[in-house]
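Heads up: the structure comes next, in structure tokens.
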Amino acid sequence: MDSPRYRFAPSPTGFFHVGGARTALYNWALVQRTGGTFVLRIEDTDESRNSPEWTQGIIDALAWLGIDSSSPRFEGPYFQSANAGLHRDAAMGLFEEGKAYWCDLTAEQVQARAKETGGQGYDGHSRDRGLGPGPGHVLRFRVPEGMTVVDDLVRGRVEFQNDTIEDFVLLRGNGSPMFLLANVVDDIEMRITHVVRAEEHLPNTPKQQLLWDALGHAAPVWAHVPVLVNEQRKKLSKRRDKVALEQYRAEGILADAMINYLMTLGWAPAGDTEIVPWERIVGDFRLEDVNHSPAFFDVKKLAAFNGDHVRMMSPEAFIEASQPFLQGDVPWAHERFDAGTFARVAPLIQTRIGALSEIPAMVDFFFLADPPSDPDAWTKTMSSDFAADALDAMSAGLAACPWDAESVKAVLEAFTDARGLKLGKTQAPVRVAVTGRTVGPPLFESIQILGRDESMRRITAARARID
RNA sequence: GCUCCCAUCGUCUAGUGGCCUAGGACACCACCCUCUCAAGGUGGCGGCACGGGUUCGAAUCCCGUUGGGAGUGCCA
């Protein structure tokens with residue numbers, strides 16, 4: 001028995017859709033499990049959607065998801081447009097066998113006829129007119145009588161009465177092949193055994209199966225997985241919804257988190273936790289277990305998954321993953337950045353991060369010449385009756401204490417106790433003086449890392465502003 | 001309109017006739033921990049769309065209703 005051949009056949013539309021990502025992942029998981037092959041085919045039949053950089057974008061996105069185009073399990077990319085000759089040959093073969101026929105009606109005429117008769121779609125007008133090819137003539141498939149049964153791995157048995165399927169177009173008036181034809185011919189040509197794709201293709205499937213039959217081949221195993229929807233329960237759309245994989249990547253969503261989350265949409269790993277490594281997914285994933293109903297793509301839950309994966313990283317891995325967010329568009333002057341400082345802070349912020357893009361705002365005060373200014377934070381913390389005294393106490397204490405977080409803390413504690421206050425209160429003005437913000441990494445560790453001179457300078461400067 | 005698909009907490013799901021007083025996760029709330037914010041811990045809120053069958057027994061099987069969704073192109 002030959003090893004299974006799965007395929008992923010996106011049309012290049014400029015960015016990579018999260019729904020496509022999930023479909024690709026499903027295919028990839030199956031390929032890994034069964035020792036099969038992942039075939040990438042770019043469906044560029046429509047000439048308007050054809051651009052080399054988009055193809056590269058797809059390959060990059062797949063690579064990010066762990067679908068490595070240099071893997072021996074990976075085949076492609078193939079381009080549908082390159083097979084146009086094959087598609088036409090297949091169509092002509094069908095015509096010669098009487099399984100397809102030419103029709104001279106334009107799309108408008110088809111519509112007009114349907115309206116007239118109260119019917120819908122194409123009515124088979126040219127079925128027996130014996131037309132030959134000609135300018136503007138389209139080749140239509142002669143849908144046979146009877147019933148078409150689609151055996152679907154996730155849906156089960158789905159029946160279609162053939163008389164509800166119109167004689168669809170194979171070749172356009174200009175001779176170019178239509179998607180349905182191209183798709184089937186390519187799948188046959190590439191010896192595809194499993195077609196795993198989104199549910200929106202299910203209504204097309206009987207037509208494709210009919211084509212497989214007519215072309216003399218046994219249909220592949222079908223599997224239609226539910227679509228991803230937005231909060232309104234509508235199919236995710238690039239117009240309204242945030243669907244570009246690249247965008248999530250740019251915001252600091254980890255690939256592992258995205259992969260893990262996407263896999264739990266329509267499916268769940270066994271056990272009490274959904275946070276699982278890819279190896280577990282490969283071992284457990286089965287199409288038969290995939291849910292039948294659409295799943296809401298919940299960005300909040302994605303963020304939660306991301307937080308979990310961020311926390312699972314080793315400190316080294318976290319520092320490594322942070323790099324892109326410390327270099328590009330950052331609030332500080334690049335030459336002020338210090339990798340050693342960041343390495344010391346990293347563990348302190350790792351539990352405080354949702355997406356990696358939140359990192360700069362959490363560490364900026366280390367690399368800015370002066371702490372960021374936030375009027376609200378300032379008035380809120382500096383207007384208390386103990387703020388000035390707290391800063392004075394810190395100035396005095398920090399000048400002489402041993403330089404470690406515990407000692408720094410002891411200085412503030414001494415002041416706090418003497419005033420009968422709480423550390424939670426008194427730390428606020430100090431925090432704003434040093435970091436510019438009311439929230440952030442642990443204060444005393446931050447002061448230790450910032451250094452005695454700079455910390456005291458900031459505290460003194462803040463104290464001066466109060467009067 | 002027509003064809004097809006679907007229906008368990010707000011959301012993602014577990015559940016394949018008795019183990020279900022329906023389990024977990026996200027979100028939300030409370031408490032604990034605590035130098036802020038997180039993280040972590042503990043607890044709470046909350047669901048089998050409805051109506052009929054079948055069965056000793058239905059979230060699980062069947063039928064209907066209702067409600068969602070997808071498709072309906074000389075797009076892919």
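Owing to the predicted nature of the structure, the values given are computational and were not obtained by experimental measurement. Throughout, a chain's letter reflects where its sequence line sits, starting with A, and its residues are numbered from 1.
- Checked against B:rC12, B:rC4, B:rC75, the side chain of A:T264 finds its nearest nucleotide in B:rC12.
- At the heavy-atom level, A:F160 lies under 4.0 Å from the strands shown only through sugar-phosphate atoms.
- Residue-to-nucleotide proximity on RNA chain B shows that, of A:R155 and A:Q232, the 5′-proximal contact is made by A:R155.
- When atom types are taken as modelled, the side chain of A:Q209 and the backbone of A:V149 share a donor-acceptor pair closer than 3.5 angstrom.
- Within 4.0 Å of A:H201, counting heavy atoms only, lies at least one base atom of the nucleic acid.
- If you check every strand for non-hydrogen atoms under 4.0 Å, A:F296 touches sugar and phosphate atoms only.
- Residue side chain A:T351 reaches the base of B:rA38 through a donor-acceptor N/O pair under 3.5 Å, judged by distance alone.
- Out of B:rU13, B:rG71, B:rG23, the shortest distance to the side chain of A:A295 is found at B:rU13.
- Within the 4.5 Å cutoff, no side-chain heavy atoms of A:L180 are placed close to those of A:L170.
- The CH2-P distance, from A:W267 to B:rC12, rounds to 17 Å in whole Å.
- Residue contacts shown for A:E159 are limited to sugar-phosphate atoms, with no base heavy atom under 4.0 Å away.
- As judged by a 4.0 angstrom heavy-atom cut-off over every strand, A:P206 is placed among residues making no nucleic acid contact.
- No donor-acceptor distance shorter than 3.5 angstrom exists from the side chain of A:D187 to the backbone of A:I192, with no hydrogens or angles considered.
- When distances are taken from the side chain of A:V169 to each of B:rU16, B:rC74, B:rC5, the shortest belongs to B:rC74.
- Within the nucleic acid shown, A:L262 has no heavy atom closer than 4.0 Å to any nucleic acid atom.
- Summarising the base pairing, B:rA27 is matched to no nucleotide, lacking a Watson-Crick or G-U wobble pair whose two defining distances lie under 3.5 Å.
- Base contact: A:G136 has a heavy atom under 4.0 Å from a base atom.
- Under the Watson-Crick and G-U wobble criteria, each requiring two contacts below 3.5 Å, nucleotide B:rC35 is left unpaired.
- The side chain of A:D308 lies closest to B:rG40, out of B:rG40, B:rC35, B:rA76.
- Contact annotation for A:L265: backbone-only contact, meaning every heavy-atom pair under 4.0 Å involves sugar-phosphate atoms and none involves a base.
- In this structure, A:R437 reaches neither bases nor backbone, as no heavy-atom distance under 4.0 Å exists between it and the strands shown.
- The side chain of A:K409 sits closest to B:rC35 out of B:rC74, B:rC35, B:rG68.
- A:A107 comes within 4.0 angstrom of a nucleotide base, judged by non-hydrogen atoms across all strands.
- The nearest whole Å value for the distance from the CD atom in A:E445 to the P atom in B:rA38 is 18 Å.
- Pairing of B:rC4, defined by two Watson-Crick or G-U wobble distances under 3.5 Å, is identified with B:rG69.
- The base of B:rC12 is paired with the side chain of A:K301 by a donor and an acceptor separated by under 3.5 Å.
- Among the atoms of the strands shown, none is found under 4.0 Å from any heavy atom of A:T416.
- Nucleic acid contact class of A:E274 (heavy atoms, under 4.0 Å, all strands): base.
- Side-chain proximity of A:Q120 to the nucleotides B:rU36, B:rC2, B:rG71 is greatest for B:rC2.
- Contact annotation: side chain of A:R233 to base of B:rU11, donor-acceptor pair absent below 3.5 Å.
- Contact of the A:L302 side chain with the A:M258 side chain is registered, since non-hydrogen atoms from C-beta on lie closer than 4.5 Å.
- Look at A:R197 and you won't find any side-chain N or O under 4.0 angstrom from OP1 or OP2 of B:rA76.
- Checking B:rC5, B:rA76, B:rC35 against the side-chain heavy atoms of A:R172 singles out B:rA76 as nearest.
- Annotation: of the two residues near RNA chain B, A:G266 and A:G424, the 5′-most nearest-nucleotide partner is A:G266.
- Using a 4.0 Å heavy-atom criterion, one finds that A:V138 contacts the bases of the nucleic acid, with or without backbone contacts as well.
- Within the structure, a side-chain polar atom (N or O) of A:K234 is placed less than 4.0 Å from OP1 or OP2 of B:rG69.
- In this structure, A:N204 does not reach the B:rA70 phosphate: none of its side-chain N or O atoms is under 4.0 Å from OP1 or OP2.
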